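One structure is given below, encoded as structure tokens.
Start at 1 and go down the list; that is how both ligands and their atoms are numbered. Values in this document were obtained by computation on a predicted structure and should not be read as measured data.
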Amino acid sequence: MKKYKRAFETLERPFAWLDLDALDANIATLSLQTKDKRVRIATKSVRSVEVLRYLEEHVPYMCGYMTYSAAETDYLAQQGLNHFLIGYPVYETESVRNLCKWIKKGKDITFMIDALAQAGWLHQIAKEQEVKVNVCIDLNLSIKTPIVYFGTRRSSITTIDDASLLIDQLQAMSSLEIVGVMGYEAQLAGVQNQPKNKAKGLMIQQLQQQTKEKVTKLRQQMVALVKQKVGDLQFVNGGGTGSLAFTANSKEVTEVTIGSGFYAPSIFDFHKSVKLESAAGFALRVTRKPTSDTIVCHGGGYIASGISEQREPTILSAGLTYYPTEGAGEVQTPLKVSTKEHYEIGDTVYFRHVKAGELCEHFKALHLVRSEKYKGAFNTYRGDGQCFL
Ligand SMILES: Cc1ncc(COP(=O)(O)O)c(C=O)c1O
């Protein structure tokens with residue numbers, strides 16, 4: 001990691017970085033895939049107001065944010081951002097009351113719904129606050145075969161009948177207005193289809209190919225139904241970093257979501273369709289060298305949530321591997337050094353997080369580098385004193 005050495009020489013370790021050249025390259029690569037579809041930025045995969053502002057300025061056809069909680073959306077509204085689709089159902093009274101107040105002041109905020117219980121509750125708060133609230137119906141595009149369940153277990157709207165009933169229920173609630181539909185094809189966007197195990201990769205790719213037709217058919221049918229019952233929609237949202245090529249070619253979709261693709265964490269190293277540059281990561285200090293082939297880094301246990309081939313951070317510096325019996329440790333991480341490399345106490349080891357936004361939960365700032373020069377820092381949510389989920 002010689003290219004970062006001079007830029008970050010004097011920073012205390014550990015620190016997190018954002019490489020602006022790589023970020024710009026990723027924006028360009030992703031834009032080629034999204035073509036003329038509008039782009040919604042998934043804030044969970046960014047978690048820094050300053051980076052969100054940078055993306056708003058630089059991402060072509062950027063139309064708004066997909067946020068992940070009501071409190072977070074409230075915070076972003078306070079920061080002057082606008083056009084929010086909360087990507088997941090929320091159920092927190094105080095934060096939602098605050099969002100109703102923002103709606104009264106003219107902010108564009110849409111809530112995600114897939115069940116009567118969420119809708120009824122939201123309707124009551126909207127009524128109490130005397131405001132009309134926009135909602136988006138979350139379709140479940142998972143595919144069930146006798147052998148596998150391929151997709152997410154989130155939304156309860158899996159059939160045309162489910163969607164039809166929910167629309168009728170929503171239309172009976174005078175404080176709610178259906179303005180959008182989301183059909184997130186997670187089995188294409190979020191599943192690693194080029195894992196280290198080649199046979200597994202081929203099987204996943206085959207399943208993905210089969211699923212595409214079904215996803216398109218189901219999403220088109222559902223969107224047609226909603227439009228027939230509701231009239232014109234403001235948006236039909238789909239996709240994520242791993243499915244852009246497919247989603248951007250889907251006629252029924254008006255906007256695609258991108259989050260992780262900007263930082264390009266290591267989970268996307270195992271995606272066939274995405275070739276991005278590693279733009280963010282963290283650095284640790286070597287503080288011990290108990291044997292000639294072992295170094296110990298101070299920190300490092302930033303384990304990724306969810307399921308992936310590898311949940312420990314990916315080591316970027318050369319010639320280093322985890323000890324399987326130790327892994328990435330809570331406050332110390334021993335690493336095995338190959339015979340070709342040499343590390344001393346005081347050196348720095350560079351890593352990437354497996355997930356994008358989770359990196360920012362461990363650091364107050366992302367230190368910026370461009371053309372090997374230090375360019376200051378952007379605060380993360382944590383640096384702003386915020387912690388949402
Ligand atoms: C509803 C929804 N849309 C889109 C995405 C895609 O986000 P990313 O580009 O970070 O993979 C996600 C990620 O989990 C999601 O939950």
Does any non-hydrogen side-chain atom of I113 lie less than 4.5 Å from one of C136?
-> no
In terms of ring plane angle, is the pair F388 and Y68 parallel, tilted or perpendicular, where the classes change at 30° and 60°?
-> perpendicular
Salt bridge flag under 4.0 Å for residues R285 and D347 | no
With a 3.5 Å cut-off and no angle check, do the side chains of T257 and N237 form a donor-acceptor pair?
-> yes
Can you check whether I303's main-chain N or O pairs, donor with acceptor, with K355's side chain at less than 3.5 Å?
-> no
R311 side chain to G306 backbone, donor-acceptor under 3.5 Å | yes
Tell me, which residues have any heavy atom less than 4.0 Å from some atom of ligand 1?
-> K44, S45, M66, Y88, R154, M182, Y184, G239, G240, T241, T257, I258, G259, S260, F268
